[in-house]
There are 2 protein chains.
Amino acid sequence: MLPRGRPRALGAVTLLLLLLLLVGFFLFGRDPEYGLRAAATLDGDLYGSRNRSAASLQPLLPPKCEVGVPPQLLHVAIVCAGYNSSREVITLVKSLLFYRKNPLHLHLVTDAIARNILETLFRTWMVPAVVIRFYDAEELKPLISWIPNKHYSGLYGLMKLVLPSILPLSLARVIVLDTDVTFSSDIAELWALFAHFSDKQVVGLVENQSDWYLGNLWKNHRPWPALGRGFNTGVILLWLDRLRQTGWEQMWKLIAKQELLTLMATSLADQDVFNAVIKEHPELVHPLPCVWNVQLSDHTLAERCYLEAADLKVIHWNSPKKLRVKNKHAEFFRNLHLTFLGYDGKLLRRELFGCPNQLPPGAEQLQQALAQLDEEEPCFEFRQQQLSVHRVHITFLPHQPPPPRPHDVTLVAQLSMDRLQMLEALCRHWPGPMSLALYLTDAEAQQFLHFVETSPVLSARKDVAYHIVYREGPLYPVNQLRNVALAQALTPYVFLSDIDFLPAYSLYDYLRASIEQLELGSQRKAALVVPAFETLHYRLSFPNSKAELLTLLDAGSLYTFRYHEWPQGHAPTDYARWREAKAPYHVQWAADYEPYVVVPRDCPRYDPRFVGFGWNKVAHIIELDAQEYELLVLPEAFSIHLPHAPSLDISRFRSSPTYRHCLQTLKEEFHQDLSRRYGAAALKYLTALQQSQSRA
Amino acid sequence: MLPRGRPRALGAVTLLLLLLLLVGFFLFGRDPEYGLRAAATLDGDLYGSRNRSAASLQPLLPPKCEVGVPPQLLHVAIVCAGYNSSREVITLVKSLLFYRKNPLHLHLVTDAIARNILETLFRTWMVPAVVIRFYDAEELKPLISWIPNKHYSGLYGLMKLVLPSILPLSLARVIVLDTDVTFSSDIAELWALFAHFSDKQVVGLVENQSDWYLGNLWKNHRPWPALGRGFNTGVILLWLDRLRQTGWEQMWKLIAKQELLTLMATSLADQDVFNAVIKEHPELVHPLPCVWNVQLSDHTLAERCYLEAADLKVIHWNSPKKLRVKNKHAEFFRNLHLTFLGYDGKLLRRELFGCPNQLPPGAEQLQQALAQLDEEEPCFEFRQQQLSVHRVHITFLPHQPPPPRPHDVTLVAQLSMDRLQMLEALCRHWPGPMSLALYLTDAEAQQFLHFVETSPVLSARKDVAYHIVYREGPLYPVNQLRNVALAQALTPYVFLSDIDFLPAYSLYDYLRASIEQLELGSQRKAALVVPAFETLHYRLSFPNSKAELLTLLDAGSLYTFRYHEWPQGHAPTDYARWREAKAPYHVQWAADYEPYVVVPRDCPRYDPRFVGFGWNKVAHIIELDAQEYELLVLPEAFSIHLPHAPSLDISRFRSSPTYRHCLQTLKEEFHQDLSRRYGAAALKYLTALQQSQSRA
């Protein structure tokens, strides 16, 4: 019995051990760097075309932030250029962040425009556990500009080819994404597919979901060579170090040059080259499940993929028509995309539990400052609002910066959704450059986009820069908005106006002439005052000249601005003198003076402590006076305030004693700061404040 | 060699077979009804307290909608009563729908208020693959009202105990949820845990994440008995047929009665009873992983759970403070919740690919009608807007219906976000009931809620019913909004007004008196005209009487409404006669007449074809006239329009010839319908239209 029993027992033990090994494998068998290596052997079955049965069985994911486990940092590279792609990429990033549970490192290849926009956006977004690095697309152009290309993405599309050369050598793997994709799942699941690569595979791609590369779409259609239907490069897993080892750079250049001998140009940019290389070296490609790049192009065959799969992972809007592409399931896909288009980005500022050192610059101090606030304090809302860091998307729409001209003036103002209908009139009154800050939610920003696109007046103007400041908190951050618009003005002078004012038709020309005549330059520090009027009627035939304005004033159709409620705001402008004036004249600062002025772009910023209604401009004029700006009233300049329903903030100011008390506190703190900065010279402002309060 | 070789080979074969079995198990081993049965054996290790290593390995999910696979319908039961819980449950349902991939059947136990709200909401929401069934909470009260209960949920909390008795016998399993939970994962993953129940287990629960049941929270704290920390009943997996078999009803009643002998009342409603039962029968409970009910109560210990888990599945706001609970990670959890609070519910109308017969009533016809529209047609936007079915949330805020009074009048109006600041003034001018439709996004509805809560004037008024109509499409659906507000008016008469009008302070009393005096009842069909005025100044001292009004009119501070732009709109009211009138007088209909009127609640509805700006009230007055309503002008009634900036719709009307053309088409179609319905009697309207157009 023994001789037979032993091998049996041995067999049983071996079996048990193997079973244990296998179970252990499933439970703990993660490769420390990139997921479960074993899963790679299942590849053909589970992750090729058969998504159906695979959908329920997930591969093990790369380690998330958990206590005691070093999280896997996921690297993503995106090429992004220009205004429209910058808007697009933000929606992509929102969808990434919504589902991700790992820290991310974004490698952004950008032109100067996109870099400017995205740098500001990410700095103000302050998302924990996201690192951003920019690469200058300009420097890459010589590497690919020799390839003639007909695709709408231009040279930028081709840049994905050179990523292995320009990304840091230390970076072994990266996921490359087009700006027009939307995630509907955790990108870690995509990263986990690296573990399914065989030793020779260097690039993971989804099959192209159209017949383009079969060459039968139309007569004489000659696509680049490809393996069957070819592959789509909207989503790429790039195994960078292997690519470098295989001499990728030489390989793709050689093949591209060969093909260009007969094909003249690429039609689909990098995708043509990738496919030509894969056609010659099929061993390099690792096919990915179709759900990772559901392509909604004009002639898409994606239905074969998504009708079978229960779980779509990435949607790719790869038609030039983007969301307007015709597709019988378009509504479904649009809803996924619209989810993130309108998603409030500040909700993505959530931390990843357990991730160490994930806070971006400034966020930690901000958190501490917020934590120190006392929620029971009556002015808590004001304190909190002052500390808010709003996400800022500068130049939200395509913009043509004004040519450099020494006396040019930009109109600077801020608004929210309820003043959009002012924009067309403003454009008719001010033919020069404008820099406008808009205080909107993410969803409202999309409505705004639609509003501009459907307005012939607005869409014709490329010299108006719109900067979105995303809403956060209960009080209107009026001075923070003004500062954003002011910082983005590109001319040497700025006209600091308000959105409900319409300038005289001639004001833009007149201001430039005045600046030149008065020889305002770096030597002479002056603020030119534009006298302000108002109409209480909402249908006004706008005066074409000072003479017409005076007639309306005498007829009682116009008043000097806030004549009834707050005359001291503009009294120092001296309207009586202005009536007769033929030349600019000096005026002196007095308490509560808040004229609309033209100043050099490098003027002092507005004090961001003033949020909500009240005193926001007054403080700025004090600052100008303290810095010894001359105040010069222009004899032919004017601007007229149009009536509107009172804002919610002004209603609150009028009805809430706490609100007024808090504003008073802010004023006092402002004066304390003034004394600190200007010493005895600031005394006059405090005295004026006290006098004005004892009168009230 | 052979004798030793055979057993080896045998061993190897056995091993291979076992391996194949195991692999097959993982790949195809789903129980046809509810997931992978085998996973149940892993329970203790994988799904108990050790979420860390388990998080990456998902159990197999119940079948989704896929070609050829019957999808698992998931059943969810929720008890919901009153206005606030109805708002709450919608956020929960949004989070459910966002992640779900299976058809859902919701079993809603509601009081009359919640049923009214939710029935309207789900009917208009039209989400595919969701079935709703209501159960009357009133009928359940006798079953549990004998249990004294101190919990804030009142009797409704206890109703979960009787679900096995009232849910259909055919229903074997159900997930029971509190209204204050938010999903951040697919509920199918939770359903899959049924497969881990042992044969004896009937209820799946997460351990309570506070020390409540340990009885050491404060001195003399005597909680109900529980196993250790006890279990939380915010999320329950109920195995209904087993519960019925084990005599659940008798069991819990007996144990509850026993405990009540010494404990007097439950503190935590059903949860106390569930725990007492489990204490006596621990074999009945299947403990669920803590991530399925992360409890953010006041003394929560949830941190132990969520700091270890990378994936949180369900957040439970089980403090009476709800989102305002103090917690150092509150911001993170609030963001998850706010995601769905502000999420545009219409995006959840997406179909599940591959699910058969998933469309709710009406949705298929709607889809077909929409599909038949021609996108290139100039009035496409109008056609599309007319077909839009807006989600409607009636009585969004707590509401006290007016007591039945035979001559009572409800003010009916509609507004969007930019008119919110009118509400306080309106409340001061109209002390009676109001029914207001608000056209808002989901996010704006939350801002509106905050606005009302922080306004002492508005929060004091319980007789104002606010109905949210969710935004969809580019044109303002003015008449659909009016119809929603009108349908919800609960008094016998309605005053059909507009939001930018303030009624005379005395109007409410005066109207009721007039209705009584004029003996308006079911016999006499009359529309009482309230003459309309306007001010162009945005600071008006509102007249306290007709005499004061006439003085202001003579002084030019007031005008008759739209005197300058559209006098024909109110000309038939005959303002000259009104000046002198001491008694109500009859007037005749004339073209373009659009007075503000008081009519019986059962008056004709507004014609929903008029969307955007123009002709929406005119058509309604024609309808009244066609149905032979007398038009009676009231001598002491008046209402005054306040100025505001022109709406976006009116701007478009003025600037777009297409817009005006489409409005003209709508008018013509309206007249064709009139002729069809009223025959020759409708001829006068067409003649009037043609005359008015030939004049224009």
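The sequence lines fix the lettering, A, B, ..., with proteins before strands; numbering per chain opens at 1.
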Which atoms form the tightest heavy-atom contact between A:Arg350 and B:Leu336, and what is the distance?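 Looking at all heavy atoms of both residues, the closest pair is NH1-CD2, 3.2 Å.
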
Starting at [atom1] of [X], measure out to [atom2] of [Y] and round the result to the nearest 0.5 Å.
X        : Y        : atom1 : atom2 : answer
A:Glu444 : B:Met417 : CD    : CE    : 8.5 Å
B:Glu381 : A:Thr454 : CD    : OG1   : 8.0 Å
B:Gln421 : A:Asp418 : CD    : CG    : 8.0 Å
A:Ser184 : B:Tyr99  : OG    : OH    : 11.5 Å

Which residues pass the side-chain hydrogen bond (donor to acceptor under 3.5 Å, both in side chains) test with B:Gln447, not counting sequence neighbours?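 Scan of B:Gln447 (side-chain hydrogen bond (donor to acceptor under 3.5 Å, both in side chains), adjacent residues dropped) gives none.
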
Return the set of residues passing side-chain hydrogen bond (donor to acceptor under 3.5 Å, both in side chains) with B:Ser185 (not counting sequence neighbours), or none when no residue passes.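 Expected list: none.
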
Which one of A:Asp344, A:Leu347, A:Thr339 satisfies the side chain to side chain contact (heavy atoms under 4.5 Å, CB included) criterion with B:Thr339?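 In the set A:Asp344, A:Leu347, A:Thr339, the residue that makes a side chain to side chain contact (heavy atoms under 4.5 Å, CB included) with B:Thr339 is A:Leu347.
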
For A:Tyr563, look at atom OH and say whether over 12 heavy atoms of other residues, nucleotides or ligands are found less than 6.0 Å away.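 Check fails, neighbour count at 12 or below.
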
